[in-house]
Amino acid sequence: MAGGGGRSLTETPTWAVAVVCFVILLISIAIEHTFHFIGNWLKKKHKSALHESLEKIKSELMILGFISLLLTVGEGLISKICISEKVAATWHPCSNNEAKEEDFDDESRRLLADQRRILAGEGIDKCAENGKVAFVSAGGIHQLHIFIFVLAVFHVLYCILTLALGRAKMRRWKRWEEETKTLEYQFTHDPERFRFANETSFGRRHLSFWTKNPILIWIVCFFRQFVRSVPEVDYLTLRHGFMMAHLAPSSHQTFDFRQYIKRCLEEDFKVVVEISPPLWFIAVFFLLFHTHGWNSYLWLPFVPLIIVLLVGTKLQVIITQMGLRISKQGMVVKGEPVVQPGDDLFWFNKPRLILYLINFVLFQNAFQLAFFSWTAFQFGLKSCYNSRSEDVVIRISMG
């Protein structure tokens, strides 16, 4: 008996089945060898953190495979669950008028599908015979299957792009790091020289009248994140503070703070690239929020933007607060100011919270672009999902 209104394998040429299996197998082997090649290259380059990130990506693909398997196996069972038409008419992503206009074009295809099922001996939908509708149709499950795959791909690409942009930003730090090895830098940064804290370069940037006002400090730091979020003076001061806290004086000249930050970025990438169970559940809520009448396009895409601006402002505030700690220790400093970072400067004394927020932002942005790409591919650019031009512009620009 045929399934899905088409020919079964008993009516399909064996060479066609073999070709499909061969192509799928070939693609799978190529992907496996690509991951194996990248893993060996990362090991040779001693990039253990990135190698772990690659393993997490492979784990996510395995989870994606299980989700795909469950959707395929459960497709028949889920589509046989019947609910009343009154319940099924609630919480639609499109208005009833828009949905009817799109359903009108599909009506002829549905009639043809019903005729094929009757000829194949399957009969018409059991839920329709009882005056009900399917909980989720087989076609809807297939479309959801595609969306989950698109979402995972966009998230991985987003994380890789973020890592690439972070490493690109660090290239300018190479020149600053090389300057620390010059005689001119050692002369201008004499460790035996006494100066007022507010007369140092770091002090002139962070010790002012606005730093003593809890409201002004947030306002100024909010705008500072848009103009050279990591200036040279902050980089060199943080570098000096790190070396004073963790390294012996004899190794200060050979230490490369930029390489250390690059390794930290790779370590943090392991957290950012992971799609944790909470993020999968958040994706479920995002799908729920795309309901007609909620106008989610006016507020949901702006959530990651607000978080990014808040995190950027907080990091600027932390650097300024470290400068205030120096001034509280004394008006005169010997050599360069020594900043003392601490967990108490972060929200809830948890620095990793900022990392989790960045992980959420990347996932949310990937969701926005994946949702737009999926709806455009599955339903077209003129579907009710993309009927509002402002919705499309906001989703793409925020993503």
Side-chain angles (χ1 to χ4, degrees), residues 1-6 8 63-152 277-297 299-300 367-368 370-372 374-380 382-388 391:
M1 184 171 63
S8 68
I63 294 175
L64 186 66
F66 277 115
I67 294 176
S68 175
L69 177 63
L70 290 174
L71 286 174
T72 303
V73 173
E75 179 179 316
L77 297 175
I78 297 174
S79 60
K80 290 180 181 178
I81 300 175
C82 302
I83 58 177
S84 65
E85 293 184 356
K86 183 178 180 180
V87 175
T90 60
W91 293 62
H92 282 191
C94 307
S95 65
N96 292 332
N97 293 333
E98 292 173 323
K100 288 179 180 178
E101 291 177 0
E102 294 183 8
D103 291 341
F104 181 78
D105 297 333
D106 296 335
E107 190 64 30
S108 59
R109 288 193 293 270
R110 292 177 182 174
L111 291 174
L112 289 174
D114 289 340
Q115 292 175 3
R116 292 194 189 100
R117 283 194 291 268
I118 293 174
L119 293 174
E122 296 180 5
I124 302 177
D125 186 8
K126 298 296 183 182
C127 293
E129 290 180 346
N130 299 324
K132 297 183 178 182
V133 295
F135 184 67
V136 180
S137 67
I141 295 175
H142 177 68
Q143 292 169 348
L144 181 62
H145 190 171
I146 296 175
F147 171 70
I148 292 175
F149 173 78
V150 173
L151 175 59
L279 289 182
W280 282 114
F281 287 112
I282 289 174
V284 175
F285 281 105
F286 287 164
L287 292 174
L288 177 66
F289 291 152
H290 281 82
T291 303
H292 177 72
W294 284 38
N295 296 324
S296 60
Y297 67 95
W299 57 273
L300 190 59
F367 178 91
Q368 294 296 334
F371 189 82
F372 169 75
W374 171 67
T375 54
F377 174 77
Q378 284 287 321
F379 311 103
K382 295 183 179 180
S383 67
C384 64
Y385 283 104
N386 304 309
S387 60
R388 294 177 294 268
D391 185 2

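Phe149 CZ: 12 or fewer foreign heavy atoms inside a 6.0 Å radius.
Not counting sequence neighbours, the partners of His145 by the side-chain hydrogen bond (donor to acceptor under 3.5 Å, both in side chains) test are Ser68. Residues satisfying the ring-ring contact (aromatic ring centres under 6.0 Å, His included) criterion with Phe135, sequence neighbours excluded, are absent altogether.
Just one of Phe286, Phe285, Phe372 meets the ring pair (Phe, Tyr, Trp, His ring centres under 6.0 Å) condition when paired with Phe367; it is Phe286.
Counting heavy atoms from C-beta on, the side chains of Phe147 and Leu287 come closer than 4.5 Å. Using a 4.5 Å heavy-atom threshold, the side chains of Trp374 and Ile148 count as separate.
Between Leu144 atom CG and Ile141 atom CD1 the span is 8.0 Å, to the nearest 0.5 Å.
When all heavy atoms of Ala370 and Leu151 are compared, the closest pair comes out as CB-CA, 3.7 Å. Annotation for Ser84 and Lys132: closest pair CA-CG, 4.3 Å, computed over non-hydrogen atoms.
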